[in-house]
Amino acid sequence: MNTQFKKGVLELCVLSQLKQGDKYGYELADTVGKRIAISEGTIYPLLKRLRNEGYFEVYLKESPSGPARKYYRLTQKGIDTQKQLEKEWLEFTDGVSDILQGVAK
């Protein structure tokens with residue numbers, strides 16, 4: 001898949017996954033990676049940037065299979081941003097679909 005397509009949508013994908021509930025980094029990378037070919041190394045810098053921008057908070061939670069995991073939880077800013085990005089994405093993809101199908105408006 002075109003890397004420019006992926007770059008533009010990863011923020012929405014991560015925020016949308018966190019909208020469904022708190023998750024840790026590997027879980028986010030794995031879930032998104034099953035649908036979009038990305039490496040773990042792509043997710044972690046994005047998580048750091050989104051945290052610095054105030055879209056979610058981080059907390060540690062004990063893991064039954066090793067050291068404590070760093071979990072991510074959306075803030076209100078993250079929830080609002082996810083909703084706005086999803087709205088923009090749906091409008092954008094509807095427009096692209098119309099163009100690809102030759103629909104005139």
Is there a path of hydrophobic side-chain contacts, each under 4.5 Å between heavy atoms of I/L/V/M/F/W/Y residues, joining I38 to Y26? yes
Which value, rounded to the nearest 0.5 Å, describes the distance between T75 atom OG1 and F56 atom CZ? 9.0 Å
Measuring from L46:CG to Y55:OH, what's the distance to the nearest 0.5 Å? 10.5 Å
Measuring from L50:CG to E11:CD, what's the distance to the nearest 0.5 Å? 5.0 Å
Taking side chain to side chain donor-acceptor pair (under 3.5 Å) as the definition, give me every residue that meets it alongside R51, ordered by chain and number, with sequence neighbours left out. none
Roughly how far, to the nearest 0.5 Å, is the CD atom of E88 from the OG1 atom of T81? 10.0 Å
Taking all heavy atoms of G41 and all of P45, pick out the closest pair and write down the distance. O-CD, 2.9 Å
Search all heavy atoms of L47 against all heavy atoms of G25 and return the closest pair with its distance. CD1-CA, 4.0 Å
Give the C-alpha distance, both sets of side-chain angles, the deciding distance and a yes or no for side chain to side chain contact (heavy atoms under 4.5 Å, CB included) between Q82 and L12. CA-CA 6 Å; Q82 187 281 333; L12 173 59; 4.1 Å; yes
Test item: V9 and I36 side chains (from C-beta on) under 4.5 Å apart, heavy atoms: yes
For the residue pair Y71 and Y59, does the interplanar ring angle fall in the parallel (under 30°), tilted (30 to 60°) or perpendicular (over 60°) class? parallel
Output for pair (C13 SG, I43 CD1), nearest 0.5 Å, gives 8.0 Å
Roughly how far apart are L74 CG and Q17 CD, rounded to 0.5 Å? 10.5 Å
Test side chain to side chain contact (heavy atoms under 4.5 Å, CB included) on L15 and K19; report intermediate values, then the result. CA-CA 6 Å; L15 293 175; K19 178 182 167 187; over 6 Å; no
Taking L28's backbone N and O only, do any of them form a donor-acceptor pair with T31's side chain (distance below 3.5 Å, no angle check)? no
Please tell me if the side chains of D22 and Y72 come closer than 4.5 Å, counting only heavy atoms from C-beta onward. no
Could you work out, with side chain to side chain donor-acceptor pair (under 3.5 Å) as the rule, every residue matching Y24, not counting sequence neighbours? R69
Identified side-chain hydrogen bond (donor to acceptor under 3.5 Å, both in side chains) counterpart of D80 within the set K77, Q84, K83, Q76: Q76
If you group Ile, Leu, Val, Met, Phe, Trp and Tyr by side-chain heavy-atom gaps below 4.5 Å, do W89 and I99 land in one group? no
K23 versus R73: any side-chain heavy-atom pair under 4.5 Å? no
